[in-house]
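Take a look at the structure below.
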Amino acid sequence: MKLDKSNFSEWFDTVLREAGVFDYGRYPVKGMGVWPPFGFKLRKYVLNIIREYLDSTGHEEVLFPVLIPKTLLEKESEHIRGFEDEVFWVTKGGREALDIPLALRPTSETAISYMEALWISSYKQLPMKLYQIVPVYRYETKATRPLIRLREVSTFKEAHTAHATFEDADEQCAEAIEIYKKIYDRLGIPYMINQRPSWDKFAGALYTVAFDTVMPDGRVLQIGTVHHLGQNFSIPFEIRFHTEDGDKDYVWQTSYGLSDRVIASLIAVHGDDRGLVLPPEVAPVQVVVVPIPQKDEEAQRKVLEEARRVKEALEEKGWRAVLDDREELTPGAKYYEWELKGVPFRIEIGKKEVEGEELTVARRDLKRRVKVRKEELDQRLREMSAEFLDNIKKRAWDFMKSRIKRVESLEEAKELVEKRYVVEMPWCGREECGLKVDEEVGRVLGIPLDSESAAEGKRCPVCGREAKWWVRVAKTY
Ligand code: A5A
Ligand code: ZN
């Protein structure tokens, strides 16, 4: 098997399967895949980070049913209009047709709003900040891709919050954005933060802020979204509460979501021609210890003994370590396999390591070996883990930044988007021009919230009027 990241699509599918991250395309339902043990562990460590930031900011985890009655799903008209072509329906129980068809949730605003109407009665209960990590189902009609566009989105984190005022919900969106930044930073995933144009916001939202990253082929992937829902759901669902000054009002809501795309982008942005490159914190195996075979029997015994000692010492300090003492494989074959799986550190134990005071550690991010004193191994691995993340994070950010270019004419915009760049171009802010750009240039990602967005003194290249904003445009997944 040869890996070549410059052919990203093939690289991605091959790495997922060969490294044991996600078995896709073989299970007999389109758009649905299997998490085998290695991938499941990676997913678990990523979810630990997501849970950590949500839990520590007052979010509480809940679990709602997967089925939503048609009548509930239809209550908010924009919402159902946005999702109706994507819903999987359960229409029979055994042989009987159901009275009311049940939807496999495409997302849970309606299910959660229904229960919030029963739960919430007073401002004292607000804000209410809930989240769940569950599979959701979307009958996607665009080409399905492993982890990127699934029909069973098996790792869907959806947060749903309720507030007393518009401003509180607005601030919650800001908090959600901060939380997502921290999550991506911990994983070294670079991101743009874009306020989606009105015609591309979430179905039922007042506004949508998206996190976008650039994949190795230059196409943009939306990796998370934050929505201010206003009272769009709370009015039809009648989520009313007593305000502090004795009035009654409907709550103000937000929702924000992440999916398997976090793991997809983690793999895509850091991987190389040898396979996965995983930040130590989420690597299912952090250190692999490989004994170098010895001709002399006594020497072989000592090497194995030392290898075992090192592995156990690492485990004692909390490292996820593996001793690869398989006799049927050469060290080279083992290196190849563990590199494919993105193991950050490899320790090779030979005669020198048995006799001396030093160990040899090979780093997956640098393709380089370093000497470490035995008694400093734990400490040095800790330091190198931090360096490792900084290193791959910087590489990924440098790449993304190199793919974003400012232009002022439609011709330049078209040319660069065709070459898979993200362009920033001036925009008058009118939908008419935005839709024209969407059609002729590429997908309008929206106004950047992570850099200067006012385009003073510039002209909208579509209509020639004075520009208000810089707007980002790209080819997307
Ligand atoms: N309830 C809100 C949070 C919601 O559903 N928002 S969303 O529709 O934008 O989805 C949240 C995130 O899930 C998206 O930003 C995208 O990163 C991811 N996502 C959406 N559809 C997906 C699919 N078919 N496969 C994988 N990820 C998907
Ligand atoms: Zn214009």
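Counting starts at 1 for both ligands and their atoms, following the listed order.
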>> Students often mix this up, so state it plainly: with edges at 30° and 60°, are the rings of F88 and Y139 parallel, tilted or perpendicular?
In response: perpendicular
> Is E408 salt-bridged to K458, cutoff N-O under 4.0 Å?
Replying inline: yes
> With a cut-off of 4.0 Å, which atoms of ligand 1 are near a heavy atom of I223?
Replying inline: 17 (O)
> Given H227, R151, E152, E140, which has its nearest heavy atom closest to atom 24 (N) of ligand 1?
Replying inline: E140
>> Show every salt bridge (charged side-chain N to carboxylate O under 4.0 Å, His left out) that has at least one partner inside residues 60-69, sequence neighbours left out.
In response: R51-E61
> Would you call R472 and D450 a salt bridge, taking side-chain N to carboxylate O under 4.0 Å as the test?
Replying inline: yes
> Quick one: do R81 and E78 make a salt bridge, cutoff under 4.0 Å?
Replying inline: yes
>> Please check this pair: side chain of R364 against backbone of L276, looking for a donor-acceptor N/O pair closer than 3.5 Å.
In response: yes
> Of the protein's non-hydrogen atoms, which lies at the shortest distance from atom 26 (C) of ligand 1, and what is that distance?
Replying inline: I148 O, 3.4 Å
> Just going by heavy-atom distances, which of G204, G257, G31 is nearest to atom 12 (C) of ligand 1?
Replying inline: G257
>> So, taking the atom named CD1 in I183 and the one named CD1 in I49, what distance separates them when rounded to the nearest 0.5 Å?
In response: 8.5 Å
> Just which atoms of ligand 1 are under 4.0 Å from any heavy atom in T107?
Replying inline: 1 (N), 2 (C), 5 (O)
> Do D260 and ligand 1 have an N or O pair less than 3.5 Å apart?
Replying inline: no
> Less than 4.0 Å between a side-chain N and a carboxylate O, is that true for D23 and R26?
Replying inline: yes
> For atom 19 (N) of ligand 1, what is the nearest protein heavy atom, given as residue, atom name and distance?
Replying inline: S259 OG, 3.9 Å
> Is any side-chain N of the basic residue among E178 and K181 closer than 4.0 Å to the acidic one's carboxylate O?
Replying inline: yes
>> Going by the closest heavy atom to atom 10 (O) of ligand 1, which one wins out of F202, F156, Y256, F211?
In response: F156
> What's the shortest distance from atom 25 (N) of ligand 1 to any protein heavy atom, and which residue and atom give it?
Replying inline: L150 N, 3.0 Å
> How close does the nearest protein non-hydrogen atom get to atom 21 (N) of ligand 1, and which residue and atom is it?
Replying inline: R138 NH1, 3.3 Å
> Considering only heavy atoms of S255, which atoms of ligand 1 have at least one such atom less than 4.0 Å away?
Replying inline: 1 (N), 2 (C), 3 (C)
> Is any N or O atom of Q222, backbone or side chain, closer than 3.5 Å to an N or O atom of ligand 1?
Replying inline: yes
>> Below 30° counts as parallel, above 60° as perpendicular, anything between as tilted: where do the rings of Y184 and Y180 land?
In response: perpendicular
>> A quick test of your reading: do over 12 heavy atoms of other residues, nucleotides or ligands sit less than 6.0 Å from CG of D247?
In response: yes
> Salt bridge between D200 and R443, side-chain N to carboxylate O under 4.0 Å?
Replying inline: yes
>> Which of the numbered atoms in ligand 1 are under 4.0 angstrom from any heavy atom belonging to R149?
In response: 25 (N)
>> For the Zn ion (ligand 2), which protein N/O/S atoms fall under 2.8 Å? Skip waters.
In response: C428 SG, C433 SG, C460 SG, C463 SG
> Which is closest to atom 1 (N) of ligand 1 by heavy-atom distance: R261, K201, E109?
Replying inline: E109
> Taking all non-hydrogen atoms of both residues, which atom of F64 and which atom of A111 are closest, and how far apart?
Replying inline: CE2-O, 3.6 Å
> Which of the numbered atoms in ligand 1 are below 4.0 angstrom from a heavy atom of T225?
Replying inline: 6 (N), 7 (S), 9 (O), 10 (O), 11 (C), 12 (C), 14 (C), 15 (O)
> Got more than 12 heavy atoms from elsewhere within 6.0 Å of NZ, K124?
Replying inline: no
> Short list, please: which atoms of ligand 1 are under 4.0 Å from a heavy atom of G224?
Replying inline: 15 (O), 17 (O)
